[in-house]
Amino acid sequence: MGDDDTTNPWPEINPNRRAVWHRGLGRSEKNDEKNKKILLAFDNVKSLPLNSIIIQFWSPVTAIDGRRALSCSRNPFALSKANHRLWKYRTSCVKYYYSLNGSGDARTIIGGPPCTALRHHFPEVVLDLRAHQGTPMVDLALESELSCFMMLPVFKQSGSCIGVIEVSARLPPDLAIIFNELNRKLKIVGFSLTPPQSLCRPCKGVTGDSKSALCEIRMAVSLAVQSHAITLGHVWYPYENRCVRMPKSRTLLCRLASYGAVDNQDDDHLSFVKTFFGNFRVLPLIGRRGEGLIGRTLETHQPHLCRNIYKLSDNRGGPWALLSANVKSCACFVICLRSSHTGELDYAFEFFWPQTRNHLALMEGLLLTLSENLPSFKHVSGAQLGNELPVVDVDSSSSGSGTAERKPIKVVPGGNKLPKVVVTRASVAKRRKIAADLHNDAKVDDLHFSSPPLTIVNNNQDDDDDLVIIIAVYKVYNRLFFLPSSATFEDVTDKIKREFEHELNPADGTYKINYQVLPGMWHSLTDDTSLKSCVSSYQTSNNIEYIKLYVLPVVE
């Protein structure tokens, strides 16, 4: 059928991401055992095998001059061998160090996200590297068509941090998918991306009658989430970290209770919200107090509504960025309350629901349910929970570094006359069970949210869907690259020239491009029309993982 039959057979190419470890000489058995486990975890991460993603391990080392630094040289890494840009990035990375003590030579980067992740014990996430141009590693990543990265501290079961895993990618939503699978695979070999819960407990705990306050919280949030079909509701309180294994003088958020209305992830298009919080029981308060949605609420004591957390600029930086990068249709509401049982301790009640819901009606019904089931709670100002409430409406659609705010929304609990919670025998039994659990010597610090299985159904990969994956072969060379589905024939030829700039021989004269229709069947790629047919076949077929292009010199 093809108008051109390529006589050269398509070479055997495995473009999928593969894990590699060059052991080198002079490594201790202890380091070897650690790297073997890291390598195994990398090798078992199978999601998005063709996407432009590199995973590599940075571990503390002592340089020749005696300084402490992070290095990825002779450590495990994973990438697609067909993606020569990732290979170039990896080759450059092994030449650099991240200094842990603020000194070094020309190849040493002072500080940076890997060092921050190692010291703070929380992920460091950058969703747009263009905002950080000018540093060697960022410039190298951008040259390799990487746009974002996350630096993930790795913990042993004892709680000690052994290093940092870098995951750099072309598309921000890919980070969250890799994070969850990587965390699962690391746990199999005895490591984790989150510190053990025993190391995250506040040293001074909650003062006062914390059990009574927690009993009300669990009952109210559980009933509110179920009654109003809210994706997720949970409660945080801030505390100053005093754990000797973690940095001092840091304000953290401890999650007391979490409840989700939908248990079947297959039917829950916001399942990643639950998955994210299932990984983290303690999170850092973003930046200084007052930043981020929870931070603002705790600082101003005003409730905040964000209609689209994907565009909330304050979420970009720490682990919260993983949430905003992967959820494009979710709203968030946060309210700060205090209980007479625990004095001036601030509680942040946080709720997530689909962006398509009626926000005003939902907040009115939600606040009514909370007011009926939180008898000891009031607003920080002393106002009753059932009173009219102005809610700060964060305009998350605004562009720029800041986040503008609309005129506050006036919320009257029960204002839309939503049906109240029906107290059935089942709900009464649930109340009694909650109370019984709390009085059976349960401690505040021992309560945590048991999340569903950590699998992701990501329905928000619009950018990913718009890209086509291409592998081109020229003589003995091959390249894996990406182009938007709207690319023109001229875009394809220009890309091929750039990808094979060192291999294309001017002496060969011009060249032609063939694309595979079926195994052994090739058509000429000559113009936009033939390219459109090629891309259409790729997008509609379930059997084509990537477009195959053969670049051949034209024989005169």
Q. T231 and P354: which non-hydrogen atoms are nearest, and at how many Å?
A. OG1-CD, 3.6 Å
Q) Tell me, do L186 and S192 make a side-chain contact under 4.5 Å, heavy atoms counted? A) no
Q: Look at the side chain of S371 and the backbone N and O of L368, then say whether any donor-acceptor pair between them is shorter than 3.5 Å.
A: yes
Q: Kindly indicate whether the side chain of L152, heavy atoms from C-beta on, has any atom under 4.5 Å from the side chain of P123.
A: yes
Q. Donor-acceptor pair, N16 side chain versus P49 backbone, under 3.5 Å?
A. no
(Q) In the structure I gave you, are the side-chain heavy atoms of F333 and V411 within less than 4.5 Å of one another anywhere? (A) no
(Q) Please find the pair of heavy atoms, one from N75 and one from S59, that lie closest to each other, and give the distance. (A) ND2-OG, 2.9 Å
Q | Non-neighbouring partners of W236 that pass side-chain hydrogen bond (donor to acceptor under 3.5 Å, both in side chains), sequence neighbours left out | A | H234, E350
Q.
So, taking the atom named CG in L129 and the one named OG1 in T135, what distance separates them when rounded to the nearest 0.5 Å?
A. 8.5 Å
Q: For E388, enumerate each residue passing the salt bridge (charged side-chain N to carboxylate O under 4.0 Å, His left out) test, keeping only those at least two apart in sequence or located in another chain.
A: none
Q) How are the rings of Y347 and Y237 set to each other: parallel, tilted or perpendicular (split at 30° and 60°)? A) perpendicular
Q.
Run the side-chain contact (heavy atoms from CB on, under 4.5 Å) test against T540 and tell me which residues pass, sequence neighbours left out.
A. S536
Q. Counting distance only, does the side-chain N/O of W320 pair as donor-acceptor with the main-chain N or O of P284 below 3.5 Å?
A. yes
Q. Hey, is the main chain of L86 close enough, under 3.5 Å, to the side chain of S144 for a donor-acceptor pair?
A. no
Q. With a 4.5 Å heavy-atom cut-off, do H379 and L389 have their side chains touching?
A. yes
Q.
Can you give me the closest heavy-atom contact between C332 and L293, atom names plus distance?
A. SG-CD2, 3.6 Å
Q.
Does Y310 form a side-chain contact (heavy atoms from CB on, under 4.5 Å) with Q355? I'd like the steps, not just the answer.
A. CA-CA 11 Å; Y310 177 74; Q355 191 181 6; over 6 Å; no
Q | Atom NZ of K495 with >12 non-hydrogen neighbours under 6.0 angstrom | A | yes
Q: Please tell me if the side chains of F351 and L232 come closer than 4.5 Å, counting only heavy atoms from C-beta onward.
A: no
Q | Min side-chain heavy-atom separation V164-Y98 under 4.5 Å | A | no
(Q) Could you work out, with side-chain hydrogen bond (donor to acceptor under 3.5 Å, both in side chains) as the rule, every residue matching Y89, not counting sequence neighbours? (A) E166
**Q.** Heavy-atom closest contact (A361 atom, N358 atom, distance)
**A.** N-OD1, 3.0 Å
Q. If you round to the nearest 0.5 Å, how far is CE of M363 from CG of L370?
A. 12.5 Å
Q) Would you say the side-chain atoms of R90 pair up with the backbone N or O of Q56, donor to acceptor, closer than 3.5 Å? A) no
**Q.** CG-CG distance between D528 and D491, expressed to the nearest 0.5 angstrom
**A.** 8.5 Å
Q.
Parallel, tilted or perpendicular, judged at 30° and 60°: which one describes the rings of F277 and F352?
A. tilted
**Q.** F349 side chain reached by I217 side chain, heavy atoms, under 4.5 Å
**A.** yes
Q) Do H132 side-chain atoms and V138 backbone N/O form a donor-acceptor pair below 3.5 Å? A) no
Q.
Other residues, nucleotides and ligands only: do more than 12 of their heavy atoms fall within 6.0 Å of CD on E145?
A. yes
Q | For S47, all residues meeting side-chain hydrogen bond (donor to acceptor under 3.5 Å, both in side chains), sequence neighbours excluded | A | E181
**Q.** For the student: nearest non-hydrogen atoms of L323 and V273, plus distance
**A.** CD1-CA, 4.1 Å
Q.
side-chain contact (heavy atoms from CB on, under 4.5 Å), that's the test. Do L175 and I53 meet it? Break it down for me.
A. CA-CA 9 Å; L175 297 179; I53 297 170; over 6 Å; no
Q | Proximity of F155 and H121 rings by center, below 6.0 Å | A | yes
Q. Is there a donor-acceptor contact under 3.5 Å from the side chain of S147 to the main chain of R170?
A. yes
Q | Salt bridge flag under 4.0 Å for residues R338 and D346 | A | yes
Q: Identify the two heavy atoms, one from A472 and one from F481, that lie closest to each other, and give their separation to 0.1 Å.
A: CB-CE2, 3.8 Å
Q. Quick one: side-chain hydrogen bond (donor to acceptor under 3.5 Å, both in side chains) partners of R130, sequence neighbours excluded?
A. D128
Q | Ion pair check, K185 and D43, cut-off under 4.0 Å | A | no
Q: Test L283 against R255 for side-chain contact (heavy atoms from CB on, under 4.5 Å), laying out the working first.
A: CA-CA 8 Å; L283 282 169; R255 179 164 46 80; over 6 Å; no
(Q) What verdict does the side-chain contact (heavy atoms from CB on, under 4.5 Å) test give for H359 and I409, after you've listed the backbone C-alpha separation in whole Å, the side-chain angles of each residue and the deciding distance to 0.1 Å? (A) CA-CA 10 Å; H359 304 304; I409 303 172; over 6 Å; no
Q) When the aromatic ring centroids of F57 and F42 are compared, is their separation below 6.0 Å? A) no
Q) Does some side-chain heavy atom of S52 sit less than 4.5 Å from a side-chain heavy atom of L146? A) yes
Q) Do side-chain atoms of R479 reach the backbone of E499 as a donor and acceptor pair under 3.5 angstrom? A) yes
